Amino acid sequence: MSYIVDRRLNGKNKSTVNRQRFLHRYRKHIKKAVDEAVTKRSITDLDSGESISIPRRDISEPFLHHGKGGKREMVHPGNKEFVTGDHIQRPQGGGGGGGSGDGDASDSGEGIDDFVFQISQDEFLDFLFEDLELPNLVKRQLQGVETFKYVRAGVVNEGNPSKINVVRSMRQATSRRIALTASSRRRLREYEKELQALQEQDSILRDKVREKELEEEIARLRRRIKRIPFVDTIDLRYNLHLKQPKPTSKAVMFCLMDVSGSMNQAMKDMAKRFFILLYMFLKRNYEKIEVVFIRHHTSAKEVDEEEFFYSRETGGTIVSSALKLMREIMQARYPADEWNIYGAQASDGDNWNDDSPTCRELLIKDILPQVQYYSYIEINPRRHQALWREYETVQAMVDHFAMQQISDPGDIYPVFRELFQRKDLKRAS
Amino acid sequence: MTDRKPISTGSDWNFELIQDYDREIGRVAESYGLDTYPNQIEIISAEQMLDAYSSVGMPVGYNHWSYGKHFVSNEQHYRRGQMGLAYEIVINSNPCIAYLMEENTMTMQALVIAHACYGHNSFFKGNYLFRTWTDASSIIDYLVFAKNYIMQCEERYGVDEVEAVLDSCHALMNYGVDRYKRPYPISAEQERQRQREREEYLQKQVNELWKTIPLLEEKHDQRDERRFPEEPQENLLYFIEKNAPLLEPWQREVVRIVRKIAQYFYPQRQTQVMNEGWATFWHYTLLNTLYEQGKVTDGFMLEFLQSHTSVIYQPPFDSRFYSGINPYALGFNMMQDIRRICESPTPEDKKWFPDIAGSNWLETLMFAMQNFKDESFVQQFLSPRVIRDFKFFSILDDDHEKELHVTAIHDDPGYRDVREALSRQYNLSMNEPNIQVYSVNIRGDRSITLRHVRHDRRPLDTESAEEVLKHLHRLWKFDVILESVEDNEVVDSIKCGAGGIEVKTMDLEEEEELSLIQRV
């Protein structure tokens, strides 16, 4: 006798918990692999999972077994030329093909190759952005209570007629009618039964008086039942909608990059890595994110991604042109009460000397009050120039402004982490 | 050949067809007298198969990172196409649960039903090891109990705490079985009821053992003192569960759970060749019988045989696919050979197997299946014919010699030696180091001493032994000493205390000298 069961629709992720435990246990290894991967990866494919490798000996589960040495006899199949008494050279490496006579076929016996496995993109990003947070995200969500949305909040007794919940009202009415007429109907049934029994008797034997009485009583009860209203005001039920503050979850990110002659391709690559990290990070925090690319030399221009990263121009540098353009775009398209605005600027620090104070003014007066966070990275192995010093005064004045220097690609991720590390961790360290 | 009406012709399966095949296969199995538990055939997807894999086939299991590790690595291999999934997993329970993968063709499903639901199933029900050691009707209940208990512990004491105990128990899992004592199975319900009483009672006993208040007659002669335990104990986990001085009651219960599960799997480890051989023999026999009765098509048989032959392929020792003796191949060939010896014995067979040559093959096979394990099965039934077919030869690897030595091959003087050697190879207690609890210092520092009795001078793998000792130390919480004994002399010892690992090697040539290595 057999039962056949279709289990295919049962949960298939029985191992999820165990897998999570495994990842948790080896998070240090994974974190390290992820950190390495970020610097190694090509610029565009941050958007995929990663294969993690952990030295096998770190994760092996020990058990008691024999080591090499001593005397042992093994039987093997497939003899071709050996006869009893032959002496054979010991095969090199691993003491004889399949010499693992230990009852347990264990993978830990195999040696030193790494244990390699894949983590998904989400997990990769989790590890990548672990302990990071978007600065000032909470503040804006509280501020942004001007936008509301209506959500259903159940059924209530009062409301306006346009919100009557018909099904619930009718259900209420039905149950009220059943409740209010129950005793009348019971008596009605009794009388009707009695009357029927009476009428079935021979006409001579009938109790005519009782019959009349019953008929009257039945009519009275029928009227009474009928008097119960079909729908009463107390039956009415209304849908309730509540106004709920809607967190502003739209974000826009401004990428500002210097493309003047002094920025070479390597510098631009570094800038791009930084922007992409930032983009991935924001994408995890907001449902919707837009990116505005602004590049500048002596004048600024809004461009698409392709042009932003790959076209090359020469000429001097006026940083304020980009900041002005950013201000205009913000005013025209991204009002600060609807959008979370992030600014990231990358430059090699070269600027028209007279322009740097203008930049500072622009930032402090027009841009910083509107944005959530503004970060400036200087890609520059050399010493700082006027722009850096002006920005330092900005940093001293404002909390949500950060600046860092990057001199080679290895710095990018650490700098990124530095910029976005959770406040409590930062304080602790 | 009256009505050659096959059950189906296409390769697609559906539930009606599975039912039809199961009925037919069941009918043939019954005609051969196979006694089985009722079957519960479950169709699952590849992902679910991966899940089942990583929990060693247990349908319910407690959570532990090592299962996650297996899952991750299986998944990886499967994705890369390095590994095909097994067609089936079968669980020794009543009813006997068999998993069928939905990707299989109808032929494969039929093969799996014959193999798992009638082959393995009847083995589970018939073999003496399974009959005495496992309780098929309560294992699922017990696993559920274990899972819930561990989950409760995690809630009460934290995941990390529980994980640490489980890690330590897993390291000793192979030493959590009774090899010689007979168990008396307890049902899961009793288990639950008795669990709480046990907690209290056990703690009381342990307290008794470790009572530190000095007694008046404490001052007695050292020689007079009796060793504890009086006899060496082979079941390390059991010993820990009952005697570890500082374990919490819940920790004892966790030790017990791991021990019980290890015990449940112990028969499977001892009967791999027989179990797979038996199942393979029966899927081969049952499906061939169906074919003779015209219930399956030629195409079905071709697909089946193609799969069957690859299952029983034995690569020679110098092949790059060689990874030891294939239990399916050896088991199947021995089963077939027993049938051949019964049905058409040669003079050689009559000389070697006077008892069974010419007897009823079905009765002989049943007897073999019921009363043997791999070790004794090979010893009893491996015929010269099979040794010749496999071209078995035996190699002696002695680290005192420069070269390997061929001690026996598949010829007249060699048959017995090869058989002897192969039988030993399946003796679990030979393959696993013989380690037992030797003594516990109950009046002094509470240290526990294990003894490894070396056989043929084979040493322990020190690195893993040290790791295991750390785990043991975590459970015992006082010093743990592992001594290796050769010819009644302690040759080296590893000690794991609070300060770390300490390895002592007694150099046999210069007996007085001790080389001491301190490690942390």
Side-chain angles (χ1 to χ4, degrees), chain A residues 1-8 10 12-15 17-25 59-80 82-90 95-105 107-108 115-118, chain B residues 15 18 22 38-45 47-48 51 54 63 65-69 71-72 76 102 170-171 174 314 316-317 322-324 390-399 403-406 408-409 414 418 421-422 425 428 431-433 435 456-461 464-465 467-468:
Chain A
M1 193 181 48
S2 305
Y3 316 94
I4 298 168
V5 189
D6 187 358
R7 287 258 189 251
R8 285 172 296 177
N10 282 31
K12 61 185 168 197
N13 292 325
K14 254 189 188 170
S15 302
V17 180
N18 293 331
R19 187 168 183 280
Q20 289 304 330
R21 294 248 168 111
F22 171 69
L23 292 185
H24 181 73
R25 191 179 168 107
I59 63 167
S60 69
E61 297 160 77
F63 64 98
L64 293 165
H65 59 96
H66 284 128
K68 266 187 197 150
K71 212 168 80 180
R72 66 203 267 195
E73 201 170 5
M74 290 283 295
V75 175
H76 295 289
N79 179 23
K80 293 190 181 71
F82 303 137
V83 292
T84 314
D86 273 359
H87 289 271
I88 317 164
Q89 278 297 317
R90 231 183 222 111
S100 55
D102 310 78
D104 303 83
D107 47 11
S108 62
F115 182 84
V116 181
F117 61 98
Q118 211 80 29
Chain B
F15 286 97
I18 286 190
D22 175 64
N39 280 304
Q40 181 169 327
I41 300 170
E42 305 195 352
I43 315 286
I44 61 173
S45 63
E47 287 102 327
Q48 287 168 320
D51 282 340
S54 28
N63 291 319
W65 66 271
S66 65
Y67 301 137
K69 180 182 101 177
F71 175 74
V72 162
Q76 189 74 4
E102 66 170 339
H170 284 187
N174 287 348
Q314 172 66 62
F317 75 99
Y322 179 65
S323 60
F390 274 86
K391 295 193 165 50
F392 278 133
F393 64 109
S394 170
I395 292 242
L396 183 72
D397 181 353
D398 186 337
D399 62 348
E403 289 169 320
L404 302 178
H405 184 70
V406 179
I409 66 161
V418 168
L422 189 62
Q425 208 160 308
L428 275 191
N431 289 320
E432 285 173 352
I435 296 174
D456 283 341
R457 300 195 320 277
R458 294 183 67 186
L460 283 177
D461 181 87
S464 63
E467 288 305 311
V468 173

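Everything numeric here is computed off the predicted structure, so don't read it as measured data. These numbers come from the heavy atoms of this one structure, side chains and all, not from hydrogens, waters or symmetry mates. In what follows, chains are A, B, ... by sequence order, proteins preceding strands, each numbered from 1.
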Taking every heavy-atom pair that is under 4.5 Å apart, which of B:Ser66, B:Ser394, B:Ala171 has the most such pairs with chain A? B:Ser394
Which value, rounded to the nearest 0.5 Å, describes the distance between A:Ile4 atom CD1 and B:Glu42 atom CD? 11.5 Å
With a 4.5 Å cut-off on side-chain heavy atoms, are A:Val75 and B:Val418 touching? yes
Residues passing the ring-ring contact (aromatic ring centres under 6.0 Å, His included) test with A:Phe22, sequence neighbours excluded, are A:Tyr26, A:Phe115, A:Phe117
Below 4.5 Å, heavy atoms only, C-beta onward: do A:Arg90 and B:Glu403 meet side chain to side chain? no
Contact check, side chains of A:Leu64 and B:Asn174, non-hydrogen atoms, under 4.5 Å: no
Less than 4.0 Å between a side-chain N and a carboxylate O, is that true for B:Asp398 and A:Arg72? no
At a heavy-atom distance under 4.5 Å, which candidate from B:His170, B:His405, B:Glu467 has the highest pair count against chain A? B:His405
Please report the interatomic distance CD1(B:Ile409) to OG1(A:Thr84), rounded to the nearest 0.5 Å. 4.5 Å
Sole candidate of B:Tyr322, B:Phe390, B:Phe392 that passes ring-ring contact (aromatic ring centres under 6.0 Å, His included) when paired with A:His76: B:Tyr322
Examine whether an atom of B:Ala408 lies under 4.5 Å from a heavy atom of chain A, and if so say whether it belongs to the side chain, the backbone or both; otherwise answer neither. backbone
Check B:Pro38 against A:Tyr3 and note the closest heavy-atom contact, atom names and distance. CB-CE1, 4.4 Å
Any donor-acceptor N/O pair, B:Gln40 side chain to A:Ser2 backbone, under 3.5 Å: no
If the condition is side-chain hydrogen bond (donor to acceptor under 3.5 Å, both in side chains), which residues does A:Arg21 pass it with, not counting sequence neighbours? B:Glu154
Heavy-atom distances under 4.5 Å only: say whether A:Ile59 touches chain B with side chain, backbone, both or neither. both
Which heavy atom of B:Ser45 sits nearest to which heavy atom of A:Arg8, and what is that distance? N-CG, 3.9 Å
Just so I understand: if I count every heavy-atom pair under 4.5 Å between each of B:Asn63, B:Ile44, B:Leu396 and chain A, which residue has the most? B:Asn63
Any side-chain heavy atom of A:Pro77 sitting closer than 4.5 Å to one from B:Lys391? no
Residue part contacting chain A, namely of B:Gln314, when any heavy atom lies under 4.5 Å: side chain
Pair B:Asp399-A:Lys68, salt bridge (charged side-chain N to carboxylate O under 4.0 Å, His left out): steps then yes or no: CA-CA 9 Å; B:Asp399 62 348; A:Lys68 266 187 197 150; over 6 Å; no
Is there a side-chain contact between B:Phe71 and A:Asn18 in this structure, where contact means two heavy atoms from C-beta onward sitting under 4.5 Å apart? no
For residues A:Gly70 and B:Pro459, report the shortest heavy-atom separation together with the two atoms involved. N-CD, 4.1 Å
Which distance, rounded to the nearest 0.5 Å, do you find between the CD1 of A:Ile88 and the CZ of B:Phe393? 6.0 Å
A:Val83 versus B:Val406: any side-chain heavy-atom pair under 4.5 Å? no
With rounding to the nearest 0.5 angstrom, report the CG to CH2 distance, A:Leu23 to B:Trp65. 12.0 Å
Backbone N/O of A:Phe63 and side chain of B:Ser464: donor-acceptor pair under 3.5 Å: yes
Short side-chain to backbone donor-acceptor contact, B:Gln48 and A:Arg7, under 3.5 Å: yes
Looking at A:Arg19, A:His24, A:His87, A:Lys80, which has the largest count of heavy-atom pairs under 4.5 Å with chain B? A:His87
